[in-house]
Amino acid sequence: MDPPPTPKSLLRWILLGAAALAIAVVALLWSRGPVFVLPADANQNVLLITIDTLRADALGSYGGGAATPNLDRLAAGG
């Protein structure tokens, strides 16, 4: 009967398996190419910005005290 594996050898096998899985996923994604491509259209000019845990009244463009010059400039031009 074989002796039980040591924690060090188990960790080595887990890391080896994780590395092999990561390489397989990267190779699969790399070989697929672009999945979804929209044709360029000059009339499509939508910008979606999502920020988690930010209140609108905290932004400078809405009278808040936060220094958000890039978002303020974007809000002024939009």
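It should be emphasised that the depicted structure is a prediction, and the values quoted were computed from it without experimental measurement.
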### Summary
Cluster membership besides Leu11, Ile/Leu/Val/Met/Phe/Trp/Tyr side chains within less than 4.5 angstrom, sorted by chain and number, is Leu15
### Summary
One should read off an interatomic distance between Arg12 CZ and Thr6 OG1, to the nearest 0.5 angstrom, of 7.5 Å
### Message
List the residues meeting side chain to side chain donor-acceptor pair (under 3.5 Å) with Asp41, not counting sequence neighbours, and say none if there are none.
### Response
none
### Task
Quick one: name the residues clustered hydrophobically with Leu74, using the 4.5 Å side-chain heavy-atom rule over I, L, V, M, F, W, Y, and just say none if it's on its own.
Leu47, Ile49, Ile51, Leu54, Leu59, Tyr62, Leu71
### Query
Could you give the distance from CD1 (Ile14) to OG (Ser9), rounded to the nearest 0.5 Å?
9.5 Å
### Query
Just by modelled atom types, is the Ala75 backbone N or O under 3.5 Å from a matching donor or acceptor in the Ser61 side chain?
no
